Amino acid sequence: MEKIVSLCKRRGFLFQSSEIYGGLQGFWDYGPLGVELKRNLKDAWWRDMCSGHNELVQPAGAPSTFDMVGLDSTIIMHPQIWKCSGHYDMFHDYMVDCRESKKRYRHDQVRGRWVTHQEQKIFVTTMAEAETEQAEVQHRALKFFRLRPKDAESLTYDGPSMTLDKIDEFSAVLGPDAKALGTLTQPREFNLMFKTTLGALGGEDDYAFLRPETAQGIFVNFKNVLDSTRVAIPFGIAQIGKSFRNEITPRNFTFRSREFEQMEIEFFCHPDQSQAWYRFWRDRRMAWYQSLGLSAKNLIMREHHTEELAHYSVGTADIEYAFPFLPEGEYGELEGIAHRGDFDLRSHMEGKLDPSTRPMEVEKDEHGKPRHRGSGRDLTYRDEATNTRFTPHVVEPSAGADRGALAFLCEAYHEDEAPDDSGKMQTRVVLKLHPRLAPIKAAVFPLVKKDGMPEMAQEIYAELKRDMAVFYDEKSAVGRRYRRQDEAGTPYCITVDGESLTDKTVTIRDRDTLEQTRVKVSDLAVELKSRMMA
Ligand code: GAP
């Protein structure tokens, strides 16, 4: 992971936000290569899921044909939306505070091991990354028991590493930054929504929230979309946009950020068909990641157990990836596909529903009134064919663009050997990104900076630049130029050499196979496009 993080900084994929002021935890900036990668990922999602969808053809595995449309709603919305969605009351993580270090941790992210020395058994915790966790636990245990490294064998470990939420007794816990035992408080709820104030007066009634998910913007526009388009159920509304969560311990590079982008679909269907649509979306989304290069061995689909599901839901599955910062055998969530029943549309109509009631009823306050009032608008759907009215059920594939970009970067990172300018094999770092995701599609080089080669290369560059992201480079030896493009994930390098001047051909070097093929300049654009589509 360290190598990937260092490449990201060195080559301008990702920078820590506000770095010159010491950085801001949980916020990341995408540099010149990173912004292209993330944009390509979002464009691929938008095209494959929304704008490129053919509503006249029934895709394999789909119960029927369906419509797809897009939306771009605001980040700040009416605060009542978050009350009805449940985020105001229920969107929290558990945190623990350390009375000694004054630091705050997310309960389920503190890891540790039971360690015994001469009859005293303590739970030593750490926030270290997976690869240094055991060394850090040992170091802290030795320090606590006032032992030296050579005494490490006098420590005995009981059970594997586990998270703090599995521990009931806090008096024997050594907090991640504490010197004494029992300094951690019991877990408390912490709402993850960022609060802000609207307008110049900024009174208590002027507060609003930065959205923690893009989904609610879709639910509250359901009727607008129906009334302004010709879509009919089943159909999906897609949206890409920023979301904000005040994560207690943002970590693992961009994986858990406080500001991130989501790519979400709310798919509205008849209740009787919702199970079949859930299965369709779950399988389709898994296949999509693989079509862009994530290998099956690094991906799992984790179906939530029935006891984890809200009772209105027939299923939720997470698509998870074996991120290299996680311990061997553990996976991190890339996307969740949830069957949400009619919870959201009914909550926005009638008032926030109580998910523990059956059938779901509006949650009431001590006066018997709705605890959070709904909009009162009719969000039901009338099926013209059967002349029946129902509240649609929703299947929600919800992906993170930043986690996606990180997974594709991790998968793409390779070290192998390639010849340098003198033909000697050297280690090279190469990002084997899918051509659709690669920030630069092709680089154009004159072999040497003379004899008319730069002029011809610049002409080719100008021509290609009209419809793809290309890069021109005439500095340094050609081998070094190839190496720089390999690190940036550029799939093709085009070189103009002596032969090019006479027969109007160039070589295309393939990043992954290192194979060089000579093609006519007049066929170049078509050749590149067909390779990228393959
Ligand atoms: N509307 C449903 C929803 O928001 P979620 O599982 O909370 O569901 C969906 O979020 C996706 O958003 C996650 O699978 C993940 O890819 C991304 N995501 C969530 N929190 C994130 C964070 N703090 N940093 C980066 N990505 C995050």
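Remember, it's 1-based here, ligands and their atoms both numbered in the order they're listed. All values reported here derive from a predicted model rather than from experimental measurement. In this chain, numbering begins with 1 at the start of the sequence shown.
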Any salt bridge linking Lys83 with Glu363? Criterion: basic side-chain nitrogen under 4.0 Å from a carboxylate oxygen. no

Assess whether atom CZ of Arg302 is packed by more than 12 heavy atoms of other residues, nucleotides or ligands within 6.0 Å. yes

Nearest non-hydrogen protein atom, atom 10 (O) of ligand 1: Gln262 NE2, 3.3 Å

Run the contact test for Leu334 against ligand 1 with a 4.0 Å cut-off on heavy atoms, strictly below, and give the result. yes

Any idea which protein heavy atom is nearest atom 18 (N) of ligand 1, and the distance to it? Phe260 CE1, 3.5 Å

What residue and heavy atom of the protein are closest to atom 3 (C) of ligand 1, and at what distance? Ser398 OG, 3.5 Å

Can you find a heavy atom in the side chain of Asp272 that is under 4.5 Å from one in the side chain of His393? no

Atom 25 (C) of ligand 1: which protein heavy atom is closest, and how many Å away? Phe255 O, 3.2 Å

Under 3.5 Å donor-acceptor pairs involving side-chain atoms of residues 63-71, not counting sequence neighbours:
unit_1: Asp67; atom_1: OD2; unit_2: Ala232; atom_2: N; d: 3.4

When only distance counts, is Thr254 in polar contact with ligand 1, meaning an N/O pair under 3.5 Å? no

Passing candidate, salt bridge (charged side-chain N to carboxylate O under 4.0 Å, His left out) with Glu261, options Arg403, Lys38, Arg39: Lys38

May I ask you to decide whether Arg436 forms a salt bridge with Asp48, counting only side-chain N to carboxylate O separations under 4.0 Å? yes

Would you call Glu303 and Arg282 a salt bridge, taking side-chain N to carboxylate O under 4.0 Å as the test? yes

Please work out whether any backbone atom (N, CA, C, O) or any side-chain heavy atom from C-beta onward of Glu396 is under 4.0 Å from ligand 1, and answer side chain, backbone, both or neither. side chain

Counting each atom of ligand 1 from 1 as listed, which ones have a heavy atom of Glu335 under 4.0 Å away? 14 (O)

Protein residue, atom and distance nearest to atom 15 (C) of ligand 1, heavy-atom basis: Arg403 NH1, 3.6 Å

Atoms of ligand 1 less than 4.0 Å from Glu213 heavy atoms? 1 (N), 2 (C), 3 (C), 4 (O)

Report yes if Glu333 has an N/O atom closer than 3.5 Å to an N/O atom of ligand 1; otherwise report no. yes

Are any of the N/O atoms on Glu264, whether in the backbone or the side chain, positioned under 3.5 angstrom from an N/O atom of ligand 1? yes

For atom 19 (C) of ligand 1, which protein heavy atom lies nearest, and how many Å away is it? Arg245 NH1, 3.4 Å

So is Arg256 polar-close to ligand 1, meaning N/O to N/O under 3.5 Å? no

Answer yes or no: are there more than 12 heavy-atom neighbours, outside Arg484 itself, under 6.0 Å from its atom CZ? no

Would you say Ala215 and ligand 1 have an N/O pair spaced under 3.5 Å apart? no

Among Gly400, Gly332, Ser257, which one has a heavy atom closest to atom 24 (N) of ligand 1? Ser257

If you measure from the Lys or Arg side-chain nitrogens to the Asp or Glu carboxylate oxygens, is any gap between Asp365 and Lys369 under 4.0 Å? no

Among all residues two or more places apart in sequence or in another chain, which pass the side-chain hydrogen bond (donor to acceptor under 3.5 Å, both in side chains) test with Asp378? Thr380

